Amino acid sequence: MSNEQAKNPHLDGAEDIIIIDQLNKWYGDFHVLKNIDLTVKKSERIVICGPSGSGKSTLIRCINRLEEFQRGSLIVDGVEMIDDIKNIEAIRREVGMVFQHFNLFPHLTILENLTLGPIWVQKKPKAEAEATAMKYLERVKIPEQALKFPGQLSGGQQQRVAIARSLCMSPKVMLFDEPTSALDPEMIKEVLDVMVELAEEEGMTMLCVTHEMGFAKKVADRVIFMDAGEIVEQNTPHEFFDNPQVDRTQKFLEQIL
Ligand code: ADP
Ligand code: MG
């Protein structure tokens with residue numbers, strides 16, 4: 001297995017923010033994650049790809065504790081994931097997640113969707129939460145949509161709202177699970193552009209499950225290929241796409257490229 005840690009200058013001396021050691025998870029008898037080792041540096045951008053059912057969603061859902069695991073350890077920003085509600089809350093505060101389906105509350109305005117967590121979870125004053133929400137709506141280029149409801153927005157706009165909503169919680173890590181795969185082709189770029197800016201301008205630590213190879217080549221420090229619950233290969237995007245080492249990776253790339 002190729003195990004190249006990215007050697008990008010922007011990661012020089014960066015501390016480890018996620019440390020996953022021999023993580024194993026089962027759904028009943030089904031061994032869904034097998035001996036996952038993964039260390040992520042602050043500001044590192046990781047793209048995870050692999051066939052459907054290989055465990056990509058399960059892995060990133062373990063990182064913010066949407067899923068439990070049975071063996072191994074997982075540390076996020078110095079907090080170990082054990083069955084302790086305080087730890088789970090601490091992790092959820094630090095890790096934002098954007099899903100394939102945007103999961104906005106349909107009966108709340110965009111602004112209300114963005115301020116819900118900051119007001120009720122982080123106990124921020126409403127005015128402050130709204131100011132932050134408007135800042136991030138500007139960042140994702142749709143401040144004029146603030147008072148509309150999700151159903152009045154396009155899919156691409158809703159996904160940008162979902163990204164802004166995560167940013168309002170000031171996460172240290174952002175997880176994306178196929179954020180563009182439910183979008184019409186003409187909306188994919190507007191969402192990817194926002195994600196590229198987030199990586200380049202904010203230096204956000206990002207783990208993104210996606211098969212968007214253009215995005216991977218542009219921003220990823222490292223591409224990880226999963227198959228059947230294992231990390232099969234990982235490398236810089238250039239090496240990964242142009243010179244895949246493992247048979248299973250080559251077969252996968254032939255299908256998607
Ligand atoms: P991916 O995101 O790579 O497509 P997933 O992590 O969603 O893969 O799923 C990995 C495997 O685990 C699949 O075979 C899936 O059917 C199975 N799986 C996912 N969630 C559950 C669950 N809640 N209960 C049982 N099996 C599950
Ligand atoms: Mg998935």
Side-chain angles (χ1 to χ4, degrees), residues 1-2 18 20-38 40 45-74 76 81 83 88 91-92 95-104 155-156 158-159 162-163 165-166 171 173-185 187-188 191-192 195 205-216 219-220 222-235 237 240-241 244 246-257:
M1 181 172 104
S2 165
I18 300 174
I20 302 175
D21 183 27
Q22 290 290 296
L23 185 137
N24 282 270
K25 175 175 173 63
W26 287 262
Y27 288 119
D29 290 341
F30 179 60
H31 198 176
V32 59
L33 294 176
K34 300 170 186 161
N35 299 323
I36 302 288
D37 286 322
L38 176 63
V40 181
R45 284 99 56 146
I46 292 183
V47 160
I48 302 172
C49 62
S52 177
S54 55
K56 306 178 299 294
S57 294
T58 305
L59 175 61
I60 64 165
R61 289 165 64 87
C62 282
I63 294 173
N64 77 341
R65 216 43 168 113
L66 285 171
E67 295 284 352
E68 300 186 320
F69 54 89
Q70 285 78 32
R71 213 165 71 205
S73 75
L74 203 167
V76 179
M81 306 279 251
D83 280 325
I88 295 170
I91 294 296
R92 294 253 173 93
V95 181
M97 180 140 176
V98 174
F99 302 87
Q100 181 177 350
H101 300 285
F102 332 120
N103 299 5
L104 300 173
Q158 289 188 59
Q159 192 58 301
I163 294 170
R165 178 179 56 177
S166 277
V173 175
M174 286 277 283
L175 308 174
F176 295 86
D177 194 357
E178 305 207 30
T180 59
S181 58
L183 298 176
D184 292 334
M187 292 170 190
I188 292 176
V191 170
L192 292 176
M195 292 169 61
T205 308
M206 294 170 55
L207 280 85
C208 184
V209 177
T210 183
H211 295 159
E212 292 291 338
M213 296 308 149
F215 173 78
V219 303
R222 201 167 14 146
V223 179
I224 288 178
F225 174 68
M226 286 183 73
D227 190 23
E230 295 175 301
I231 294 179
V232 173
E233 178 163 357
Q234 50 182 313
N235 220 323
F240 181 84
F241 293 114
V246 180
D247 220 28
R248 281 192 273 177
T249 316
Q250 289 163 5
K251 289 214 171 71
F252 173 76
L253 290 176
E254 278 166 19
Q255 283 167 10
I256 63 161
L257 292 181

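Read the numbers this way: they start at 1 and go in the same order the structure lists the ligands and their atoms. Since the model is a prediction, treat every value here as computed from it, not as a measurement.
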Point to revise | ligand 1 contact on Thr58 by region, counting heavy-atom pairs under 4.0 Å | key: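 It is both backbone and side chain that touch ligand 1.
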
Point to revise | Under-4.0 Å protein heavy-atom contact, atom 5 (P) of ligand 1 | key: yes

Point to revise | Winner among Ala228, Gly53, Gly229 once heavy atoms are compared against atom 10 (C) of ligand 1 | key: Gly53

Point to revise | Proximity flag Ser54 to ligand 1, non-hydrogen atoms under 4.0 Å | key: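 Yes.
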
Check your understanding: Judged by non-hydrogen atoms, does Pro51 sit under 4.0 Å from ligand 1?
Key ->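 Contact present.
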
Give the residue and atom name of whichever protein heavy atom lies nearest to [atom], and the separation in Å to one decimal.
| atom | value |
| --- | --- |
| atom 3 (O) of ligand 1 | Lys56 NZ, 2.7 Å |
| atom 23 (N) of ligand 1 | Tyr27 CE2, 3.6 Å |
| atom 8 (O) of ligand 1 | Gly55 N, 3.2 Å |
| atom 15 (C) of ligand 1 | Phe30 CE2, 4.8 Å |
| atom 7 (O) of ligand 1 | Ser57 CB, 3.7 Å |

Check your understanding: Any idea which atoms of ligand 1 are less than 4.0 Å away from a heavy-atom of Val32?
Key ->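 Per the distance check, 10 (C), 11 (C), 12 (O).
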
Can you tell if the side chain of [X] reaches within under 4.5 Å of the side chain of [Y], non-hydrogen atoms only?
| X | Y | result |
| --- | --- | --- |
| Leu23 | Asp21 | no |
| Phe176 | Ile60 | no |
| Met206 | Ile46 | no |
| Gln22 | Ser73 | no |

Point to revise | Atom pair CZ (Phe252) and CG (Asp247), whose distance is rounded to the nearest 0.5 Å | key: 14.5 Å

Practice item. Answer yes or no for Ser52: is there an N/O/S atom below the 2.8 Å cut-off from the Mg ion (ligand 2)? Key: no

Exercise for review: Using a strict 4.0 Å threshold on nitrogen-to-oxygen distance, state whether Arg61 and Glu68 make a salt bridge.
Suggested key: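 Judged by the 4.0 Å cut-off on N to carboxylate O distance, Arg61 and Glu68 do not form a salt bridge.
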
